[in-house]
Amino acid sequence: MTEKALDKFYDHAKAEDKWYRHWEESGYFKSRDDEDKQNYCIVIPPPNVTGILHEGHALNNTLQDVLIRYHRMRGWNVLWQPGTDHAGIATQFVVERELLEEGVTKEEMGRDKFLERVWKWKEEKGGHILSQLKRLGASCDWSRERFTMDEGLSRAVREVFVSLYEKDLIFRGKYMVNWCPRCDTALSNLEVVMPEESEAEKGLLYYIRYPLADGDGALTVATTRPETMLGDTAVAVNPEDDRYKNYIGKKVRLPLTDHKIPVIADPHVDMEFGTGALKITPGHDFNDYEIGKRHGLGAPQAIDKLGKMTDYVPEKYRGLDRYDARKAAVADLDTSGLLEKTEPYKLMAGRCYRCKVVVEPIVSEQWFVRVGPLAERAIEAVRSGKTVIVPKAQEKEYYNWMENLRDWCISRQLWWGHQIPAWYCRDCHEMTVSRHDVTKCRHCESENIERDPDVLDTWFSSALWPFSTLGWPDETPELKRFYPNAAMVTAYDILKFWVARMMMMGVQFMEEVPFTDVYLHGLVRDELGRKKSKSLGNFVDPIMLIDEYGADALRFTLAIETFTGRDVRLGEERIEETKRFINKIWNASQFTLSNARDFDPSDGTEPDLSPADRWIRSRLNETVKAVHEHVGTYRFHEMADAIYHFIWDEFCDWYLEWTKPELYNSSSPGRKKAAQATLLYTLDASLKLLHPIMPFLTEEIYQATPDSGASIMVEAYPEADDGNKDPEIEAGMALVREIVIAVRNLRSENLIPASTKTDVTLIPDDDFARETAERLQGYILSPPQVQAASLEITGPGVSPDEKAVTRRCGPIQVCLDIAGLVDAGEEIARIGKETAKLEAELKKVMGKLGNEKFLSKAPPEVVAKQEEIKAELEARLETLRETRSRMELIRDKG
RNA sequence: GGGCGGGUAGCUCAGUUGGGAGAGCGUCGGCCUUACAAGCCGGAUGUCGCAGGUUCAAGUCCUGUCUCGCCCACCA
C-alpha cells in the first residue's frame, strides 16, 4: 500500500491550482449524454463581457456549482452552460472611453471600424470574469462557452425577431420613450433607475402665472421643470374642480412665447397638488403625452435627443442645454413678474442605469415587443406549476409584474449589439424585415435601401439564452436533452429584467418553459446589512478573499449564509469561522488517516462493529437523507448546516473520542479493524457530502485516502442506506451522551479540577436501563472531561451515597462522590434555582394534562408525549430534592 | 398610492406541515486530555414587536396596530 499522508497544514492555494487543472484536463466538466441517465442543465446567467467578479457573482455561481456538482456526482447527465453577454451600452461605453483617451470619437471612426475595435477589445480583454469563475471552482463545461453575439446566437436572435415581426408581436412606431441624452439612446423602463433617497435632487417647485389670453386674470401652474413650458400645448384642470370651471375652454397666453394654449379638463389632474392646474407638455412627459393624445394636442419637441432646446422654442433659448434653459426661463419669468413663488421640492427624476444622467422622455420612432400575448402564456406557465419559483413569495412579484407590463422598447441607438434586420426603401418607403441580409426592397425591388441603424436591447438576446446556447434554431441533441433547463439560479433583483423575459420567449418559441425551477437568491450585503456601494467603500474583491481564505472558505460561507429568500451577509469574521471548520476537517482527517495506516481490509480479521461504529453510521445515514432533502428544496443553509454539525459535533466531538480506546489499546483486533473501517467510511462519505460546497479541500483529502480514485468529483454521491439505520443504538448512545454530559456538568458546577478524579455511580430505574448502561459503560468513561476514577453501576432501587451529588438522565440517576470537594451552600442555592425552573415547566405540563378538552381532543401521541414529559420532570425534581437534602446534611455536618 | 418581506438571546440570524424556544458569534467559568489552543468542556441570558381572535395547544394560522426595509406606480 502506498504511503499517503496529509501535510501539517492545508495549503489552499496549492490545492486549488492543482485540482482545478486536474479536473479540467480530465474532461470532468464536459456534459455527458448517457441515454439511461437523467438530464440536468443549468445555463449560467451570462456575466457582462466587461464584467469583473463581484460578491454577487461569487454567490450566484457557488450555488449553481453546488447544484451541478451534486447532480454530477449522482451520475446524471449534467451540463453547466457558460458564456458571456455582450452588454450593449456597458461595452460600448468602455471602448468609447478607451478611444477618448486616444483623442478619437466613435463618429470619427465610423461604425464598421468602431465595431472592429470593440471585437478586438472583446478578444483581448473581455470575458476576464470567466477565468475568475475558475478560481472559484466553477465546473462549467468550458468547451461549450457561448457569447450572445457569436454566430449561432445571432442567428437565434434574428430568427426570433423576424418571427415575432411576422406574428405582429413586434412593431415599429412613434411613441414616447425614455431617452438618455448622454448615451444618446432609448432605454426601456427597466433601464431607468431612481436615485437613492439621499441622492435625490433638491429641486424647486415653481409656481408660474399663465395670463388669460382674453380678459383679466391668470391661471397659476406648478412645475418642477419650468423649461418644459416652452413645449406646453395646454393647461389642464380637473373637471370637478369648482375653482376652475369657468376657465375650461378659454385660452391662456404661454409666457416667454407668443403661443395661446387652451385650458382643458382632464380627470387625471389632482386637485390637491400644487394649484390644481397642470401645464401639459406632451412632448416631454409620459402623462402629458397621454393627455395630449386624448385631447388631440400634438406633441411638439422642445428638447432634442442630446438634451438641448430645439428650434421649436423661441430663438433666445435655442441650443441651450435643458438645465441652462431652465435657469434662463426662470430668470425671464421672474423679471416679467410671472413667477409667483417657489417651494423646495424633493425631485426623484429617473436616471440612465448606466451613466446616471437624468433621462428625458422623447417621442421617437422605436421598435417594440407586444408583450401582452407573450406574458399571458408566461403567467400561465407559472400558475400551472410548470415552472416553480423558489421562494414562493417571489411568484407574486412575478405575477404582479407580468400583469402590468407595458410594451417593451427593444431598439437602442447604439452600434454594439444585434443590428435590427429591417431595411427601409428610399423609393417606395416600405420596410423589409428579413432573416437574411437583403440588397433589394421586397416591395419595389429597388436597391436604394438602407438598413435600420439601431441595435436590439441586450436583454433581447439574453431572453433566448436557455435555448440559443443549446443550438436553437437547429434541433441539436443538446437542445433535446437539456431543454427545459432544470434550474435557473439568479438574484431576485433580476426576476423582471431577465427571468420574466426568458419565460416569455421560451414558451413562445419552444412551446415549453425554459426551466422547471427558478431559484432566486438574495443580494450580498456587508456584515452590517448594508448594500454594497461605492460611496460606502464596502466592496470586496472575491478574488482577494479567495487568495486569503481559499475558494472553499468563501463558498461554504456563502452557502451557509444563504437562507431562502433573504439577503446574504458576507463579513470576514464569517469566513474566518469557516476557515476554522476547514482546519477541523483537516485535523480530523489527519487523525483518521494516521490511525488507519495499518488498516488492511484483506488481512483476514473479521471486523466487529462496536456500538459507536454503528451509531456514527446511523447518524451519517440520517445526515445523508437530510442533505438530499435540502438540496432538493434549495435550502443551501440547511445543507451546509447539516454537514457542518455532523462533522463537527458528531464525528469529531463524540465518535473520534470513542474510537481512541479501540485504536490505542483495542479490546480485540476485530474491534480495532471495525473502528478503522468506520473512520475511513465516515470520512469518505463526509468528504463526498461536502464536495459540492468545498470542492478543493475535499479533493485534497480524498486523494490521501487509501482507496482514492481519479477524483472525488466523479465519485458517487452518498445515498441513504437504511441498513445503517439503527434506532436502538442511537437511543442507547443518546443516553450515554446524556450521562457523560451529566458528569461533566456536575464536575463543572462543583468546580472540581480536571486533575481530580471522581467516583461515578449510576443508579438505573430498572433492569433494562442497567443492562444498557453496563453494555455501553466504556463510552461513558472515555470522552474528555469525564475523569472518572471508577464507574459503578448498581441495581434499581439503590439509594445514592449521602455525600454524592446527583443528576437524572432519563431512567438513570448519575451520582458523583465529591465529599469534601464541594461548597454545599452554593450547591443548595443552585439546586433551588433549578428546582424553580423545573417546577414552572411541570406546572405548564400539568395544566395541559388537567385540561379535559386537551385530553379529549389532542391526538393520543401528543397526550402520551406530555405524560412522558411530566414523568421525566417529576423524576428530575425528586432527584434534586434528594440531592438538596444530602447537601444540607453535608453543610450541617461541616 | 399599491404590492412584498422582516421585527425571536448582547450581536447576526435559523425555526418546512401548529405540539417541551435554537445556532454561530460575543460573554462568564474550567481545561495545553497524545487530531486540532485555528482546540476541548461547561454556565448564564428570551413577556418570540404590541393587542385581540381561532384552537385542547400559537414564534408558527386569522384580524388589527406600531415599526424597519425592499419593489412597483402617472402627484406635475
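Heavy-atom basis, side chains included; hydrogens, waters and symmetry copies ignored. Chain A is the first sequence line, chain B the second, and so forth, proteins listed ahead of strands; every chain is numbered from 1.
Contact between the side-chain N/O atoms of A/Arg406 and the OP1/OP2 oxygens of B/C74 is found at a separation under 4.0 Å. The phosphate of B/G20 has neither OP1 nor OP2 within less than 4.0 Å of any side-chain N or O from A/Lys870. Side-chain nitrogen and oxygen atoms of A/Tyr664 include at least one within less than 4.0 Å of the OP1 or OP2 phosphate oxygen of B/A35. Remark: A/Lys844 is in phosphate contact with B/A21, judged by side-chain N or O atoms under 4.0 Å from OP1 or OP2.
Between A/Tyr655 and A/Phe651, the ring-plane angle classifies as parallel under the 30° and 60° cut-offs.
A distance of 7.5 Å separates CZ of A/Arg737 from CG of A/Asp649, quoted to the nearest 0.5 Å. To the nearest 0.5 Å, atoms CG (A/Asp288) and CG (A/Leu278) are separated by 5.5 Å.
Nucleotide B/G64 has B/C50 as its partner under the Watson-Crick or G-U criteria, with both atom distances under 3.5 Å.
For A/Glu577 against B/G24, no side-chain N or O and base N or O form a donor-acceptor pair under 3.5 Å. The base of B/C36 is paired with the side chain of A/Lys584 by a donor and an acceptor separated by under 3.5 Å.
Nearest to the side chain of A/Phe563, among B/A76, B/C13, B/G5, sits B/C13.
Whole-Å rounding puts the A/Asn400 CG to B/G1 P distance at 17 Å.
Between B/A44 and B/G26, the distance separating the two C1' atoms is 13 Å to the nearest Å.
At a threshold of 4.0 angstrom between heavy atoms, the contacts of A/Lys496 are confined to the sugar-phosphate backbone, with no base atom among them. At a threshold of 4.0 angstrom between heavy atoms, the contacts of A/Leu656 include nucleobase atoms, whether or not backbone atoms are also involved. Looking at heavy-atom distances under 4.0 Å, A/Phe9 makes contact with a base. Residue A/Arg225 is classed as having no contact, given no heavy-atom separation below 4.0 Å to the nucleic acid.
In this structure the side chain of A/Thr275 reaches within 4.5 angstrom of the side chain of A/Tyr244, judged on heavy atoms.
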